[in-house]
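Order of appearance sets the numbers: ligands from 1, and atoms from 1 within every ligand.
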Amino acid sequence: MNGKFPQHFLWGGAVAANQVEGAYQTDGKGLSTSDLQPQGIFGAITPRAAGDSGIKDVAIDFYHRYPQDIALFAEMGFKCLRTSIAWTRIFPQGDEETPNEAGLAFYDRLFDEMAKYGIQPLITLSHYEMPYGLVKRYGGWGDRRTIDFFERYARTVFERYKHKVKHWLTFNEINMSLHAPFTGVGLPPESDKSAIYQAIHHQLVASAKAVKACHEIVPEGKIGNMLLGGILYPLSCKPEDLLETQRQNRDWLFFGDVQARGYYPAYMQRFFRENGIQVAITEEDRRTLRETIDFISFSYYMSGCVTADPEQYETARGNILDMVPNPHLASSEWGWQIDPIGLRYLLNVLYDRYQKPLFIVENGLGAKDRVEADGSINDDYRINYLNDHLVQVAEAIDDGVEVMGYTSWGPIDLVSASKAEMSKRYGFIHVDRDDAGNGSLERRRKKSFYWYRDVIHSNGTSLKDRR
Ligand code: BG6
């Protein structure tokens, strides 16, 4: 491992409002799409009655406990914390003319607390949630008017926090709409492909509008996109498998292509035609899309395989996307295949394709932890996972890839997105809460807490090449 992390590398962690804050109706917050899916992003959409009924309603109570949590992140030496703004704290129904001051004031307090320790915020405008009001009244991103509501929201928060936040992201895992349409674009799960791609188009236009607004309002800031980096390999070297792999990788790279290059890639024309997909794109939309992002950000948890043979095509157990299991890789307790080398490969793929700086804004291991009788939590499995991935980041840096930073997913235990579980833990900091919502919410440092502190303090030189 020869690669050296740059001097100002942004080490830190990443969380999302709906998975940590709780306080889902506090200070005027409106209901979000996430509030309507108490069982997670693949769960049923349930109308909410008054009162707490979902684990996310309290989550880890970050809304009230953030000073203590930020202090713990500072103790690890964080340079950066990625979180999101809950759109519904600012515009509770989504279509109001004026923002909710109490919601804006909360994020002022949060960013001020981070500034005390020199922790830079990296802020996602929309992380797996949008105002439910926009879904009910307009049909979510299916309606062009949602672009304007989003732009109003984006401009509001850029104006308000322009002196406090310099790094922004538009939509979390924007390609996830293909797999979870309600979460991604506020459409019913059974929506047809034309409806989904039309909504995605509106979201891509909104993303470009946010980029433009950020460049105008926060001129010294930087704004990126956010992709679910599910890189796929051919299961065999059969040319048919290779071609199918290229096609399936384009399913998600398409989003990056539009956001980084400013236009629809040629291959989408054939894809739309052969799948009977109609998308209305205006000339003005095409002009708007030319406003491109400054950097690429992505999540990376696993890789997967592709085969063109329908008989071999089976779904990998627990993988969030339909991937064929790779026979050479081990899996996490949730069936997500562990592939540190895939991260180096992905970094190179994205850098070759876009020549823009890259930011790894999610990576981590969801695992069950055991609290020992003496209160310690010896999460060596998590340390090994993160260590091995970071060694590959160093290799990619040595390959010449420009990497801005690394924010591990869930530096503090939080509610998982896919199934709304507490028992799937990612944190360096343990939170006393179980899947049924029992527990004191007390925070406790795990063994990985001290390990990550050393990694950051040594700027990566404490990492071990275990190959
Ligand atoms: C990403 C999301 O898909 O993966 C996060 O951006 C999510 O919100 C993370 O939490 C891990 O997934 P899960 O289902 O284990 O929480």
Check: What part of K419, side chain from CB on, backbone N/CA/C/O, both or neither, has a heavy atom under 4.0 Å from ligand 1?
Finding: neither
Notebook entry, point to check: When you measure from atom 8 (O) of ligand 1 to each heavy atom in Q19, E421, M226, K424, which option holds the nearest one?
Noted result: Q19
Check: Looking at ligand 1, does N172 have a heavy atom less than 4.0 Å from it?
Finding: yes
Note to self: Looking at E151 and R155, is there a salt bridge between them, counting it only when a charged N and a carboxylate O are closer than 4.0 Å?
What the structure shows: yes
Note to self: Minimum distance, heavy atoms only, to atom 15 (O) of ligand 1: which one of Y301, Y426, W334 is it?
What the structure shows: Y426
Item checked: D61/R433 under salt bridge (Lys or Arg N to Asp or Glu O under 4.0 Å): CA gap, chis, key distance, verdict -> CA-CA 11 Å; D61 195 29; R433 192 159 199 237; over 6 Å; no
Check: Roughly how far, to the nearest 0.5 Å, is the OG atom of S191 from the CD1 atom of I196?
Finding: 5.5 Å
Notebook entry, point to check: Would you say the side chains of W409 and Q19 form a donor-acceptor pair under 3.5 Å?
Noted result: no
Notebook entry, point to check: Going by the order shown, which atoms of ligand 1 are within less than 4.0 Å of some heavy atom of E362?
Noted result: 1 (C), 2 (C), 4 (O), 5 (C), 6 (O), 9 (C)
Notebook entry, point to check: How does W336 reach ligand 1, if at all, at less than 4.0 Å between non-hydrogen atoms: by side chain, backbone, both, or neither?
Noted result: side chain
Notebook entry, point to check: Is there any N or O on A417 that sits under 3.5 Å from an N or O of ligand 1?
Noted result: yes
Next item on the list: Output the list of atoms in ligand 1 that are nearer than 4.0 Å to some heavy atom of E173, sorted by atom number.
Entry: 1 (C), 2 (C), 3 (O), 6 (O)
Notebook entry, point to check: With a 4.0 Å cut-off, would you call R444 and D432 a salt bridge?
Noted result: no
Notebook entry, point to check: Distance only, no hydrogens: is a donor on one side chain within 3.5 Å (strictly under) of an acceptor on the other, for D399 and Y345?
Noted result: no
Next item on the list: Decide whether the shortest distance between a heavy atom of M176 and an atom of ligand 1 is less than 4.0 Å.
Entry: no
Note to self: For A199, give me all partners under side chain to side chain contact (heavy atoms under 4.5 Å, CB included), at least two apart in sequence or on another chain.
What the structure shows: W141, V185, L187
